[in-house]
Number of protein chains: 2
Amino acid sequence: MQAPPPPTAPDPMLKLENQLCFPFYAVSRQLTKTYQPYLQELGLTYPQYLVLLLLWEHEQLTVKALGDRLLLDSGTLTPLLKRMEQRQLLSRRRAPHDERSVIIGLLPAGRALEAQARSIPGQLLAKAGLALDELAALRSQLTQLLARLT
Amino acid sequence: MQAPPPPTAPDPMLKLENQLCFPFYAVSRQLTKTYQPYLQELGLTYPQYLVLLLLWEHEQLTVKALGDRLLLDSGTLTPLLKRMEQRQLLSRRRAPHDERSVIIGLLPAGRALEAQARSIPGQLLAKAGLALDELAALRSQLTQLLARLT
DNA sequence: CTCAAATCAATTGTGCACAATCAAACATTA
DNA sequence: TAATGTTTGATTGTGCACAATTGATTTGAG
């Protein structure tokens, strides 16, 4: 279905193909879909995988620390972490010295997923058709942009 | 809250900072947040804004055509379009020659938002601190990556 | 012409994402 | 220490995002 262009030509800056944000939005969603079959084997969603990446590295972190690193707030993290707690992937407990904080700790079932996840990054890079140096260049541009936006 | 590193150092490919996808995921969400104050004045969400960008250009499109261009399926678009229909921004009707298709047409209230949206792309570019040539370079890389992923 | 396959939108169910609000716990300072 | 303000997580409500299924419609092979 394709209509003829409207009588008044639109501002070129308002055409979808010229948008800054749309490619980020679309690539982000497509990347998540690309991860999906691998993560499904582990029973994880992409945001849950990100939480585990941090816990594999740090063993335990507060909800606040997770949110700071992932740029997610408690409205997103709390239900997500409760689902992972039900699966015994992690534990949630109040910090003894500061009852406001909730400490998220890695449990054995969560630790066990690390070995299964090892092959994921390499397979993703292959699917994206990126060499390691291209990846590094792209990532540094994105990190720089992210810093300007936050 | 920061715990000492775990006894077994994690695979560097599994560290958050080395992930390919996370920067896209984070930048995409941050960009949406950056748009938010401007779009709020128009009463639009970011995906609704994308639909209008296409309608400003094409006046009318089927749900299928919108989904193809935005890489969104009907489970996402149908409720979103119904909300926009309720606000009289667009119309939804079956195609006479093919009753399976639903044609989305721009209404005056939707057309009227175009003038108000004109200033948005420029303000976003300024906030992102990008020059036009940087933008073009980044966009071509992203478009290329998107093509490899789809 | 017939009916099996393909197309398209809608629906259902799950899981983010985020603004806004709240309440508890902690920190500060007068 | 009493009053005030800040930090932290949880809750609520709205709106995507997408997999899976359904049902109506159209197409096309025989």
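Here is how names work: the chains are called A, B, and so on, in the same order as the sequence lines, proteins then strands, and each is numbered from 1. These numbers come from a predicted model, not from an experiment.
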Output a table of nitrogen or oxygen pairs between the protein and nucleotides 22-27 of chain D separated by less than 3.5 Å.
residue	atom	partner	partner atom	Å
D/dT26	OP1	B/Glu99	N	3.2

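- Side-chain atoms of B/Val63 lie closest to C/dA9 of the nucleotides C/dG15, D/dG9, C/dA9.
- OP1 or OP2 of C/dA10 sits under 4.0 Å from a side-chain N or O of B/Thr78.
- Between the C1' atom of D/dG15 and the CE atom of B/Met84 lies a distance of 13 Å, rounded to the nearest Å.
- Map B/Gln40 and A/Thr45 each onto its nearest nucleotide of DNA chain C; the residue landing nearer the 5' end is A/Thr45.
- Side chain of A/Ser101, nearest nucleotide from C/dC18, D/dG9, C/dA9: D/dG9.
- A/Leu77 comes within 4.0 angstrom of no nucleic acid atom, judged by non-hydrogen atoms across all strands.
- Of all non-hydrogen atoms in A/Leu42 and A/Ala117, the two that sit nearest each other are CD1-CB, 4.1 Å.
- Distance CD (B/Gln86) to C1' (D/dG15): 13 Å, rounded to an integer number of Å.
- Side-chain N/O atoms of A/Arg92 include one lying less than 4.0 angstrom from OP1 or OP2 on D/dA10.
- Here the shortest heavy-atom pairing between B/Thr150 and A/Gln30 reads CG2-OE1, 3.3 Å.
- Separating the CG atom of B/Leu71 from the P atom of D/dC18 is a distance of 9 Å, rounded to the nearest angstrom.
- By the 30° and 60° cut-offs, the orientation of the rings of A/Trp56 relative to A/Tyr49 is perpendicular.
- Summary of the strand contacts: A/Lys64 and A/Gln30 both lie near DNA chain D, and taking for each the nucleotide with the nearest heavy atom, the more 5' one is attributed to A/Lys64.
- Atom-to-atom, CG of A/Leu80 to P of D/dG9 comes out at 15 Å; the value is rounded to the nearest Å.
- In this structure, B/Leu52 and B/Met84 approach most closely via the heavy-atom pair CG-CE, 3.7 Å.
- For the atom pair CG of B/Leu31 and OH of B/Tyr46, the computed distance is 7.5 Å after rounding to the nearest 0.5 Å.
- Contact check, A/Lys82 against D/dT11: a side-chain N or O comes under 4.0 Å of OP1 or OP2.
- Nearest heavy atoms, B/Thr34 versus B/Lys127: CG2-CD, 3.8 Å.
- Nucleic acid contact class of A/Thr76 (heavy atoms, under 4.0 Å, all strands): base.
- Here the C1' atom of nucleotide C/dA19 and the CG atom of A/Leu72 are 14 Å apart, to the nearest Å.
- Of all heavy-atom pairs spanning A/Ser119 and A/Gln116, the tightest one is OG-O, 4.1 Å.
- Look at NZ on A/Lys33: it is 15 Å from C1' on C/dC16, rounded to the nearest Å.
- Of the side-chain N and O atoms in B/Gln48, one or more sit less than 4.0 angstrom from OP1 or OP2 of D/dC16.
- In this entry the distance linking OH of A/Tyr35 with C1' of D/dC18 reads 19 Å, nearest Å.
- Here the nucleotide nearest the side chain of B/Asp73, chosen from C/dA17, D/dA19, D/dC16, is D/dA19.
- OP1 or OP2 of C/dC18 lies within a sub-4.0 Å distance of a side-chain N or O belonging to B/Arg29.
- Put simply, OH on B/Tyr25 is 7 Å from C1' on C/dC16, counting in whole angstrom units.
- Checking D/dG9, C/dA9, D/dG15 against the side-chain heavy atoms of B/Arg83 singles out D/dG15 as nearest.
- Nearest heavy atoms, B/Asn18 versus A/Arg139: O-NH1, 2.5 Å.
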